[in-house]
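First comes the structure, then the notes that go with it.
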Amino acid sequence: MAQLEAGDLAQAVIARMAESRDPRFRQIMTALVKHAHAFVQEVELTGDEWMNAIQFLTATGKMCDDKRQEFILLSDTLGISMLVVAIEQAKGIQAKGTGAVATPATEATVQGPFFWEGAPELPLGSDLAGDAPGEPAWYSGTVTDVDGNPVPDCPIEVWSGDGNGIYDMQHGEDAQMMLRARLRTDADGRYRFWSIKPTFYPVPDDGPVGDMLRRMGRHPNRPGHIHMMLRAPGYQPLTTHLFVADSPYLDSDAVFGVRNSLIVDFKKHAPGTAPDGRVLDKPYYSAQYDFRLVPSTQGVTA
Ligand SMILES: [Fe+2]
């Protein structure tokens with residue numbers, strides 16, 4: 001049998017996939033092998049370094065459970081999550097036949113590691129904050145299609161950390177859902193709810209990803225944001241955030257998720273009567289944002 005030299009190994013691995021019956025899988029694995037081999041060659045990876053990498057990935061997997069997803073954090077902090085989101089959205093909003101990408105659709109951003117399936121369905125106008133620490137904020141706006149037609153009964157999943165930047169899932173074994181809900185737009189496509197003004201926070205940095213960030217000389221912080229996920233039948237799903245306009249770290253988000261079009265002014269109001277008639281004895285904020293969804297028939301699926 002012919003001996004393989006270093007430069008031939010990638011091609012030999014790729015050739016062994018000739019019998020694969022899944023063309024997309026084969027395409028992905030071919031590119032992965034090609035780039036991975038090129039990477040090892042470029043940095044002349046040593047045996048110790050490769051073992052360190054394997055131990056790092058093993059530790060990353062061991063850190064994961066139903067409330068902690070270290071692999072999502074790794075993908076997020078390497079900018080890969082945002083790259084996947086950007087590629088998918090560019091494909092999805094491409095108008096059929098024209099190749100044009102510019103549309104007024106709301107931009108997507110990363111989902112992050114703190115989505116928790118099964119948030120309570122609450123009526124419009126509800127206060128998601130409960131006893132959670134944080135400054136009250138009134139959120140309102142509309143959901144329309146890209147032509148401005150309202151999207152009624154659109155499910156909106158909302159979640160955020162508290163006023164100290166801590167998510168409910170980070171409260172250990174007995175964590176209870178907090179600051180998250182599922183709402184639906186009214187007949188005119190409007191939504192409204194109370195929550196808190198989100199603050200900047202560090203991504204969990206007590207695991208392997210935190211060690212990686214420190215070795216990279218990076219901070220772990222994300223600018224203040226609230227997560228929104230819109231899933232209306234007949235429209236392309238949208239997972240995004242609203243970012244707080246005056247938040248620190250807008251220019252150096254640890255997960256590279258900031259889009260300028262998602263930065264929202266949180267107006268500060270003196271104590272008094274809020275737009276829904278609620279009387280507050282302390283200052284509160286209001287944030288207004290209109291979402292624009294792309295009909296699912298408009299996307300290019302090829
Ligand atoms: Fe977040």
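In listed order, ligands and their atoms are each counted from 1.
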Do the side chains of [X] and [Y] get close enough for a salt bridge, i.e. N-O under 4.0 angstrom?
X: Arg192; Y: Asp186; answer: yes
X: Arg68; Y: Glu70; answer: yes
X: Lys267; Y: Asp265; answer: no

**Prompt:** Which is the closest N/O/S atom of His225 when seen from the Fe ion (ligand 1)?
**Reply:**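 Output for this pair reads NE2.
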**Prompt:** Vertex the Fe ion (ligand 1): angle to OH of Tyr201 and OH of Tyr167, to 10°?
**Reply:**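 With the Fe ion (ligand 1) as the vertex, OH (Tyr201) and OH (Tyr167) sit 100° apart.
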**N, O or S from His227 under 2.8 Å to the Fe ion (ligand 1)** =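 Coordinating: yes.
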**Message:** With a 4.5 Å cut-off on side-chain heavy atoms, are Tyr235 and Val146 touching?
**Reply:**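 Of all side-chain heavy-atom pairs linking Tyr235 with Val146, none is under 4.5 Å.
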